[in-house]
Protein chains: 2
Amino acid sequence: MTEEATAGAQANQAVRERLLAEGLRLFTSKGYAGTTVREIVEAAGVTKPVLYYYFNSKEGIYLELMEGAYTIFGERMRELVGKSGSARDRMEILCLGIFDAFLEFIDVARLIYAIYFGPAQGAPQFEHDQAFDWMLDAVRTVVAEGIASGEFRPGDPADMTWVIIGCLNVCMEEQLCRNDPRINRDDTKRMLALILDGISRGDAK
Amino acid sequence: MTEEATAGAQANQAVRERLLAEGLRLFTSKGYAGTTVREIVEAAGVTKPVLYYYFNSKEGIYLELMEGAYTIFGERMRELVGKSGSARDRMEILCLGIFDAFLEFIDVARLIYAIYFGPAQGAPQFEHDQAFDWMLDAVRTVVAEGIASGEFRPGDPADMTWVIIGCLNVCMEEQLCRNDPRINRDDTKRMLALILDGISRGDAK
DNA sequence: ATTTATATACCTACCGGTAAGTACACCTAT
DNA sequence: ATAGGTGTACTTACCGGTAGGTATATAAAT
């Protein structure tokens, strides 16, 4: 493969990536129906048939963005699961890891949330619950192990799981919905500690 | 006023209410940009200029729906605030009351959430944070009084508030996003109790 | 020469909005 | 009692603009 071939392949990818980046930005800020193909291609600096060349349709680029978003979060979840240590430590690593991933890929996250809560608006169907369910399963696993090991109190693992998820969820949502979020990572850590203090065994303060 | 006049006034309201009801349904399920004036009026059984007659524009009906939604929740919040009893009892009444209001007006709630998380999509600007902020202030007030009275532990009232809000929030969101919510009112009550057990003074179990 | 990537020009269908008209109720003047 | 005027509620037909998508030509890469 010559250097020319590499440059050509890279030019391909550059156009494609530009379209995806602009598509992500615009779908996120305007929604599926509110975003036109014209504005995506104009932002990417190409003409309209180029989008159809690479993605076949408006739906095509949208679905590719969705698949990419879920892939990113799935990989990050896998990295965060399977750590070792006390249940409390692992919970902290897991939740703050999720929070950090959220911030790192906040545009992607915003798109996922927008789809999850937002109206369908003619967008093609996609399995929407996956990212949330991954999170739920991971937290539930750590809770169950904490109860089994005696580190957390006996109780309903589902309740504990949902309280933790609720806390993490509201912290993440705050990052999405405000230019000046009222909750940061340290707040999240403290709030998590408050919950874990409450469900830990040997809590006699 | 004759009976004919009453019937005429009622016919007015019937058309107007039909447009609002169909508008709510469609904006909620399809979003602002994804909903056309044509489908609203068709669903309401009138012609397009009728919508412009009553609401001046597509924006007009949307804004009227949004104002109505916030009015409903604001009134319900006022009813729930100002109850008396222990901080714990009041917190339970407040949170479960919010949850109940949410279920009662779930279409309205769905629209508010869709707007809050969903993309702007060309919809007219509206102050979106109000319902959430009402909730936050109400919970914060009860938390602060619980700490002051010694019922809750000394601690950061903001942390406690947000943990409670996060829990309530995720329970409500679950009602929105699934045909078969995994959390019901009793679950919500139990989870709230788990948190309140954890932050209560005298918790030595 | 062939394949791939891109541009120009165009298509049909649909968008929000509006002008003009109609039906009806009510009021006032004759 | 009747005619004319006014206002409200609604319809039909239409407007200019734009949506997603495509045929064809051209440029670039191999």
Side-chain angles (χ1 to χ4, degrees), chain A residues 1-23 26-27 29-66 119-125, chain B residues 1-23 26-27 29-66 119-125:
Chain A
M1 185 178 292
T2 67
E3 198 165 316
E4 285 86 355
T6 305
Q10 285 174 350
N12 279 359
Q13 288 302 46
V15 169
R16 210 169 178 287
E17 293 304 327
R18 273 206 319 276
L19 282 167
L20 286 170
E22 294 300 335
L26 289 163
F27 282 134
S29 65
K30 297 191 170 189
Y32 183 78
T35 300
T36 66
V37 173
R38 281 172 174 85
E39 59 189 332
I40 296 175
V41 296
E42 184 180 343
V46 295
T47 59
K48 197 149 50 101
V50 175
L51 185 141
Y52 292 90
Y53 177 79
Y54 284 105
F55 302 107
N56 287 312
S57 63
K58 182 181 181 182
E59 285 199 3
I61 185 173
Y62 174 82
L63 285 176
E64 184 134 353
L65 283 166
M66 291 304 308
Q121 57 177 327
Q125 291 301 305
Chain B
M1 184 178 294
T2 66
E3 200 165 318
E4 285 84 355
T6 305
Q10 286 175 350
N12 279 358
Q13 287 301 35
V15 169
R16 206 168 181 289
E17 294 303 324
R18 272 204 320 275
L19 282 166
L20 286 169
E22 294 299 337
L26 290 164
F27 282 133
S29 66
K30 296 191 173 192
Y32 183 77
T35 300
T36 65
V37 173
R38 282 173 174 82
E39 58 190 332
I40 296 175
V41 296
E42 185 180 344
V46 296
T47 59
K48 196 149 52 92
V50 176
L51 185 143
Y52 293 89
Y53 176 78
Y54 284 107
F55 303 106
N56 287 312
S57 63
K58 182 180 180 182
E59 284 199 4
I61 185 173
Y62 174 84
L63 286 175
E64 183 135 352
L65 283 167
M66 291 303 309
Q121 55 177 330
Q125 292 300 307

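Heavy atoms only: backbone and side chains are in, while hydrogens, waters and symmetry mates are out. Each chain gets a letter, A, B and so on, in the order the sequences are listed, and its residues count up from 1.
Taking 4.0 angstrom as the limit, A/Tyr54 places a side-chain polar atom (N or O) nearer than this to OP1 or OP2 of C/dT6. Distances shorter than 4.0 Å separate none of the side-chain N or O atoms of B/Tyr53 from OP1 or OP2 on D/dC10.
Rounded to whole Å, the distance from CG on B/Asn56 to P on D/dC10 is 15 Å. Nucleotide D/dA19 holds its P atom 12 Å from the CG atom of A/Leu26, rounded to whole Å. Atoms CG (B/Leu51) and P (C/dG16) sit 10 Å apart, rounded to a whole Å. The CZ-P distance, from A/Phe55 to D/dG21, rounds to 14 Å in whole Å. Between the NZ atom of B/Lys58 and the P atom of C/dG17 there is a distance of 8 Å, given to the nearest Å. Protein atom NZ of A/Lys48 is 8 Å distant from nucleotide atom C1' of D/dA19, rounded to whole Å. To the nearest angstrom, C1' of C/dC15 lies 9 Å from OH of B/Tyr52. A/Tyr62 places its OH atom 19 Å from the P atom of D/dA19, with the value rounded to the nearest Å.
Each of A/Gly45 and B/Thr35 was matched to the nucleotide of DNA chain C holding its nearest heavy atom; the match closer to the 5' end belongs to A/Gly45. Residue order along DNA chain C, read from the 5' end via each residue's closest nucleotide, puts A/Thr47 first among B/Pro49 and A/Thr47.
Salt bridge A/Glu64/A/Arg16: present, at least one basic N to carboxylate O contact under 4.0 Å. Residues A/Lys30 and A/Glu39 are paired through a salt bridge, judged by an N-O separation under 4.0 Å between the basic side chain and the carboxylate.
B/Tyr32 carries B/Lys58 over the face of its six-membered ring, with the cationic atom under 6.0 Å from the centre and within 45° of the normal.
Of the candidates C/dG17, D/dT11, D/dG21, D/dG21 carries the atom nearest the A/Arg38 side chain, counting heavy atoms from C-beta on. Side-chain proximity of B/Thr36 to the nucleotides C/dC15, D/dT11, D/dG20 is greatest for C/dC15. If you check D/dG20, C/dG17, D/dC10 against the side chain of B/Ser57, the one that comes closest is C/dG17.
The distance from the OG1 atom of A/Thr47 to the OH atom of A/Tyr52 is 11.5 Å, given to the nearest 0.5 Å.
Using a 4.5 Å heavy-atom threshold, the side chains of B/Val41 and B/Glu22 count as separate.
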